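Sequential numbering from 1 along the given sequence is applied to the chain's residues. Keep in mind that this is a model prediction, so the values were computed, not measured.
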Amino acid sequence: FTQLIFNGADMGNNQLQNVFSTANLMDFLGKNTEKDTLNAVTLNILFNQSWPMMSYLKKIGIPLKNNSELYNKDKTKLMESYKTYLKNPNTKENPLKPSTYEERKKVNELSDSSLFLISPENTRLIRKNRSNFIQLNYPNFVAHFTNSEHRLVEIEINGKHHIHMLLEEYIAVNGLNNFPKFITINIDNEVYRLQTLSYKYANESYTEFEKRSTNLSLLAKKNAKDVLAQKPLFLQ
């Protein structure tokens, strides 16, 4: 899905030189259940963001919501009006101290409310195998994350297929980036177990990367994908 080139094995942000990626990552999903699940989790770990897994789960009918959908809009509006008031407090009424009792009561309730409207049943701290985990629990979907690092360690999906995935023994492949050493996928009692055997650092020239970018562009065009090649070699 994505290839990065660094000018050193530490893979620091200031060492990143070129990026090869595709804008149609989610097009890879929808054809094979075990591959779809693995690809969504892989993209989640690769980008260290939730959107790949969220997109996949929504695609298969799991009713999850993004953070933007969980905002307490009334409280957000109140906070924004207070920021505006602070810029010019002499000409406006303090929105946190309205004049009427009913308005003050409503403001106090909003102030005490959470910024995110998340049900306690959906997110909670649990203890399992002598360790603490954050559990996300929605209809037909359960996920566990480590409490301290927030690393995904377990997913269970009940839909058209029963999917159970374990991500075990996170390892730092270069001292900075952590990936699971073992991934076990159970699809309707058919089990696949993947293991990271080694980590290799390859230092390829710009010419080799340009050739690879050209090959990817040709492959995309062959499959009727609209692809643009740009400098510094970012394949959209």
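Counting Ile, Leu, Val, Met, Phe, Trp and Tyr side chains that sit under 4.5 Å apart, directly or through other members, L86 shares a hydrophobic cluster with L78, Y82, Y85, L96, V107, L110. Through side-chain heavy atoms spaced under 4.5 Å, either directly or across other Ile, Leu, Val, Met, Phe, Trp or Tyr residues, V191 is tied to no other residue.
Residues Y192 and E190 bring a donor and an acceptor atom of their side chains to less than 3.5 Å of each other. Neither side chain, H164 nor E156, offers a donor N or O lying under 3.5 Å from an acceptor on the other.
At a threshold of 4.5 Å between non-hydrogen side-chain atoms, the residues S99 and E93 count as touching. Residues T123 and I134 form a side-chain contact, since some pair of their non-hydrogen atoms from C-beta on lies under 4.5 Å apart.
Annotation: salt bridge (Lys or Arg N to Asp or Glu O under 4.0 Å) contacts involving residues 75-84, sequence neighbours excluded, comprise E80-K83. Evaluation of the salt bridge (Lys or Arg N to Asp or Glu O under 4.0 Å) test over residues 104-114, restricted to residues two or more places apart or in two chains, returns none. Sequence neighbours left out, not one pair with a member in residues 138-149 passes salt bridge (Lys or Arg N to Asp or Glu O under 4.0 Å). Listed by first then second residue, pairs satisfying salt bridge (Lys or Arg N to Asp or Glu O under 4.0 Å) with a partner in residues 125-142 read K128-E154, not counting sequence neighbours.
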Note to self: As a quick check of understanding, evaluate side chain to side chain contact (heavy atoms under 4.5 Å, CB included) for Y56 and N39, giving each step before the final call.
What the structure shows: CA-CA 9 Å; Y56 168 61; N39 288 342; over 6 Å; no

Next item on the list: Give the C-alpha distance, both sets of side-chain angles, the deciding distance and a yes or no for side chain to side chain contact (heavy atoms under 4.5 Å, CB included) between V142 and H144.
Entry: CA-CA 7 Å; V142 178; H144 293 124; 4.0 Å; yes

Check: Do L38 and I185 pass the side chain to side chain contact (heavy atoms under 4.5 Å, CB included) test, and can you show the C-alpha distance, the side-chain angles, and the key distance before you say yes or no?
Finding: CA-CA 8 Å; L38 179 61; I185 309 174; 3.9 Å; yes

Notebook entry, point to check: Could you walk me through whether F133 and L125 pass the side chain to side chain contact (heavy atoms under 4.5 Å, CB included) check?
Noted result: CA-CA 6 Å; F133 295 93; L125 186 66; 6.0 Å; no

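Judged by distance alone, the side chain of Y170 and the main-chain N or O of L152 form a donor-acceptor pair under 3.5 Å. For the pair D188 (side chain) and H162 (backbone), a donor-acceptor distance under 3.5 Å is present. Judged purely by atom type and a 3.5 angstrom limit, T146 uses its side chain to pair as donor or acceptor with the backbone of R151.
By the criterion of side-chain heavy atoms lying less than 4.5 angstrom apart, applied directly or through intervening Ile, Leu, Val, Met, Phe, Trp or Tyr residues, L136 is grouped together with I60 in one hydrophobic cluster. Under the 4.5 Å side-chain contact rule for hydrophobic residues, L194 and V153 share a cluster. Both M54 and V41 are part of a single hydrophobic cluster, where members link through side-chain heavy atoms under 4.5 Å apart. I183 and L166 fall into different hydrophobic clusters, where Ile, Leu, Val, Met, Phe, Trp and Tyr side chains are chained together by heavy-atom contacts under 4.5 Å. Linking Ile, Leu, Val, Met, Phe, Trp and Tyr residues whenever their side-chain heavy atoms come within less than 4.5 Å places I126 and F145 in a single cluster.
A distance of 8.5 Å separates OG1 of T184 from CG of L167, quoted to the nearest 0.5 Å. Between atom CD1 of residue I157 and atom OH of residue Y138 there is a gap of 14.0 Å, rounded to the nearest 0.5 Å. The structure places CD of E103 at 15.5 Å from NZ of K97, a figure rounded to the nearest 0.5 Å.
In terms of heavy atoms, P52 sits closest to A40 at CB-O, 3.7 Å.
Contact check on R193 versus E168 returns a salt bridge, with a Lys/Arg side-chain nitrogen under 4.0 Å from an Asp/Glu carboxylate oxygen.
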